[in-house]
Each structure stands twice: as structure tokens, then as C-alpha cells.
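Everything below concerns the one structure shown next.
Chain naming here is simple, since letters A, B, ... match the order of the sequence lines and numbering starts at 1 in each.
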Protein chains: 2
Amino acid sequence: MARNSTATRALLLKAATDEFAQHGIAGARVDRIAAAAGYNKNMLYVHFGSKDALFDIVFEAAVAEIVDAVPFTADDLPGYAGRLFDFHFSHPQLMRLARWHSLERGVANADLAAIAKANSAKSKALAAAQAAGAVRAELPPGLLITLVVSMATAWSEGTPEPVTTAGRAAVTARRKAVVQAVEQLTTSRS
Amino acid sequence: MARNSTATRALLLKAATDEFAQHGIAGARVDRIAAAAGYNKNMLYVHFGSKDALFDIVFEAAVAEIVDAVPFTADDLPGYAGRLFDFHFSHPQLMRLARWHSLERGVANADLAAIAKANSAKSKALAAAQAAGAVRAELPPGLLITLVVSMATAWSEGTPEPVTTAGRAAVTARRKAVVQAVEQLTTSRS
DNA sequence: CTTCGCTGACTAACCGGTCAGCTACTACGC
DNA sequence: GCGTAGTAGCTGACCGGTTAGTCAGCGAAG
């Protein structure tokens, strides 16, 4: 009953994010999204055009959220890994979204350019840090970044951990292991 | 026209593996599987019962193939990582299958037991290797295994790399990076 | 009274699953 | 060797439920 376009759009987007994160593109149901948001299905088409277009919008918003929530620090890779770990742990949906995207959409040419650009910026910063001696230079910067990200996200399966005491302890142990491993990859041998 | 049950079953299973690897459970189409195998859709139901049951069978076969194709060697983690990398590079479907499974099926209780069992066997072997001084003991064995596997599979997105000279070079560079990284995690500091 | 936000009802296509029945192969009586 | 009955393998046609997407129109706000 709000009769407010921007608020409606936000509610639909939120509901769509949940639905896509849980079921993917093929498994998502437009009716379910509309119902969860408390609107009629048609509003989705008024605002976003189609199911596929909606997924694109949802996904881009998620990526933007990740990118500016955890900034890249070339001279502190362990810290970066730790923050990435934390973010994905507290936002399991976004990780699921990314995985659905890679499976159902593949890596399109348009994405490749964006990824390459973002990656080369990070690589360049990391290469500089390596040249300055702040980071061990044994691994090529581009590959090192991928390995670090991979380890930081190794445990994010989308299903949130039970919040028991034991569960929490396991999570902090994992976080510590990730940070420690990245330290071993980036610190010069004594 | 073969009129041969076992051969038919194998053909259907092959087609189903391709279809599920590419589209997941929700995105897979039974008609497409049957057509790809050169049979009528009904054969799928005669042999496998339902789409979901078919996926289970496909998935279990894939897991079995991975497990006995690349054996775990606690005292040579870099080698294990390299072999895992190679296998997933040459069998991109199986990795996709595993990812579809984790997204669409989640981690069910039945799986948890099997995973825990397989993991604890590996952990135990790795802990022994660490105690013997063959592997650096800085990281807990269970966590170390996950990190290693995660790095070894960091690049398997399911889309096979173009087989250009440049593509091949990039792949070998990645493989080298993985092995090297695992070495750094497992070799004692000099 | 006009416009924006919104709804309920509808549809055409799709999709998993079923069923009656056809066809080729086998076994067996002669 | 030869019909013939039985059966396993297989097919095309069908069905009911579901789903993305559409459309005409209603009601509130300015």
C-alpha cells in the first residue's frame, strides 16, 4: 500500500536476492519473489523487465557490495584474507550468488574485461608491494591473488554455521588457519 | 536399435552427466538427456525412476571417479595438489557437478557422515606425517587439507580453457603456482 | 481528471512423468 | 528348420500441473 516506487523496488530487489541466492536462476520462481516482497508479480516486470534481467541487477549489486565492503590491501594480504573470510561468513548469500552466476552464466566476454581490469589493478598493486619487499615475490601476483581469495572463501558454502559455542570455535579456527596460511605465502623466509 | 539394457543405461548415464554438469538439476531437461542419448524419454524413468534419482546416481558415480582417480598422499601434499589440479582440469564436468550438488542439494546429514569419515581418514594420515616431521605442523591437518584442495581447484570453473599456446602456458603457470604454494605451506622453514 | 502504483485474472508454452502398445529377440514345441 | 508364443527393450502420444510473462482496469494522490 506504500505507493512508493523506490521503496517497492528495494523490497523486490531484496526478495529477489534471497530467492536467487537460494535457488539460482533456473530454480528461482518469480511468484515466490513477488509474494515474499508483498507485491504482485507484475511489479517485477514493470521494474526489471524479465527474470534474467532481474538476476543481472541483483548480481551486479551484490558484486558492488562485496568490492567496496572489503578493500584490497596489497601490503597486507593476510589482513585482506581475514576480512574477506569475515565478509563471506556474515553474508553467505552473496557467495552463493557468485557461484550460481559462474555456473549458470559462465564467464561471458563482457565479464572477462571487467574481471581482467579489476584483477590487473590488484595485480599491479601487489607487484609493487612485492618489488618493495613487503611481500614475498616467489609467486606471480595475479596467481597469488586467486589463491588467497580461494582460501579465504574455501568454507563459504552458503549454509550458515550453527551458532553453537563449538561452531563458533570452529569458525575462528578456520579464520586463523586462512590468515596463517596467507602469512606463510607472503612473508619472506627468515 | 541396440536392444541392450546395460549399454542403453550407460549411454543414458553419459548423456545425463553432460546435461546435469552443464545445467544443474533445475536447469536440466529430461527430454534433452534422452535425445542426446538417442532414446525415448521413458527409458530414463524405466532405468532411473526420476530426474532427482538420476542426478543422485550421476553424482555418486562422479564422486567415486574422483576419489579413486587421485589418491591422497599425506607425505606429498604438493604432489597431491598437482594431481588434483590436473584431474579437475581434464575433467571439468565433475567439478561442475560437485558445485551444482553443493548449491542445489546443500550438505545433507547423510553426506555429512561420509564427508567426515573421508576427511578424518585423511586428517589422521596427515597428522601422522606432521608428527613424523615430513610436513610442517603449523596448521591443523583438517584445515590444511581444505585449504590445499581449495587452491588446487581454484581455477576449475568448468569452462575448458582454449587450447592455444598462450592458454596452455597460463595453465602450467597456474599448476606451478599451486604446487609451489602448497610447498610453502608444508615445508619447514629453513 | 490525469497519472502513477498496483492487482487479479489470464494464457501459451513448457516440463516431468505415465501409458498403451509396437517391435525385435529368444525359447520352445514340432 | 520353422512357426509361435512370450518377453525385454523401446516408442509416440498424451496429461496435469507449473511457470514466465501479459493485460485490462482499479484506486489513490496531486
Side-chain angles (χ1 to χ4, degrees), chain A residues 1-61 96-97 100-101 103-106 108, chain B residues 1-61 96-97 100-101 103-106 108:
Chain A
M1 308 296 173
R3 304 236 159 227
N4 178 335
S5 188
T6 59
T8 301
R9 196 184 157 95
L11 280 173
L12 290 172
L13 222 47
K14 173 73 170 60
T17 303
D18 292 346
E19 177 75 10
F20 280 126
Q22 189 136 38
H23 300 104
I25 304 176
R29 297 290 166 247
V30 244
D31 299 272
R32 222 153 34 193
I33 296 174
Y39 288 99
N40 185 280
K41 178 171 47 160
N42 192 39
M43 295 311 291
L44 285 171
Y45 292 94
V46 168
H47 280 281
F48 307 107
S50 76
K51 187 188 183 186
D52 274 52
L54 175 57
F55 178 79
D56 286 340
I57 294 168
V58 162
F59 178 69
E60 260 176 62
R96 283 181 70 90
L97 229 37
W100 286 116
H101 178 88
L103 280 175
E104 302 196 86
R105 281 285 161 82
Chain B
M1 307 290 178
R3 303 237 161 227
N4 178 334
S5 188
T6 59
T8 301
R9 197 185 155 94
L11 281 173
L12 290 172
L13 221 47
K14 172 75 171 58
T17 303
D18 291 346
E19 177 75 9
F20 280 126
Q22 189 136 37
H23 299 104
I25 305 176
R29 298 291 165 247
V30 260
D31 298 271
R32 220 151 39 192
I33 296 174
Y39 288 97
N40 187 280
K41 179 171 48 161
N42 191 38
M43 295 312 291
L44 285 172
Y45 293 94
V46 169
H47 279 281
F48 306 107
S50 75
K51 188 189 182 184
D52 274 52
L54 175 56
F55 178 79
D56 286 339
I57 294 168
V58 163
F59 179 70
E60 260 177 62
R96 283 182 68 91
L97 230 37
W100 285 117
H101 178 88
L103 280 175
E104 301 196 87
R105 282 283 162 84

Checklist entry - Under 3.5 Å, is there a donor-acceptor pair between the side chain of Glu19(A) and the main chain of Arg29(A)? => result yes
Next on the checklist: Keeping Trp100(A) on the side-chain end and Ala21(A) on the backbone end, is there a donor-acceptor pair under 3.5 Å?
Outcome noted: yes
I need the [atom1]-[atom2] distance between [X] and [N], as an integer number of Å.
{"X": "Phe48(A)", "N": "dG21(D)", "atom1": "CZ", "atom2": "C1'", "answer": "16 Å"}
{"X": "His23(B)", "N": "dC15(C)", "atom1": "NE2", "atom2": "C1'", "answer": "15 Å"}
{"X": "Lys41(A)", "N": "dT22(D)", "atom1": "NZ", "atom2": "P", "answer": "10 Å"}
{"X": "Asn40(A)", "N": "dC6(C)", "atom1": "CG", "atom2": "P", "answer": "10 Å"}
{"X": "Tyr39(B)", "N": "dG9(D)", "atom1": "OH", "atom2": "P", "answer": "11 Å"}
{"X": "Tyr45(B)", "N": "dA8(D)", "atom1": "OH", "atom2": "C1'", "answer": "21 Å"}
{"X": "Arg32(A)", "N": "dT18(D)", "atom1": "CZ", "atom2": "C1'", "answer": "12 Å"}
{"X": "Asp31(A)", "N": "dT22(D)", "atom1": "CG", "atom2": "P", "answer": "14 Å"}

Checklist entry - Is a donor-acceptor pair below 3.5 Å formed from side chain Lys51(B) to base dG17(C), judging by atom type as modelled? => result no
Checklist entry - Is there a donor and acceptor pair, one atom on the side chain of Asn42(B) and one on the base of dT11(D), closer than 3.5 Å? => result yes
Checklist entry - Do Arg105(B) and Ile25(B) come within less than 4.5 Å of each other through their side chains, counting heavy atoms only? => result yes
Checklist entry - Within the structure, does a side-chain N or O atom of Arg29(B) lie under 4.0 Å from either OP1 or OP2 of dG16(C)? => result yes
Next on the checklist: dC10(D), OP1 or OP2 - any side-chain N/O from Thr8(B) closer than 4.0 Å?
Outcome noted: yes
Next on the checklist: Over all strands shown, is Ala28(A) touching base, sugar-phosphate only, or nothing at heavy-atom distances under 4.0 angstrom?
Outcome noted: sugar-phosphate
Checklist outcome for this item: Heavy-atom nearest pair, Ala37(A) first then Leu12(A), reads CB-CD2, 3.7 Å
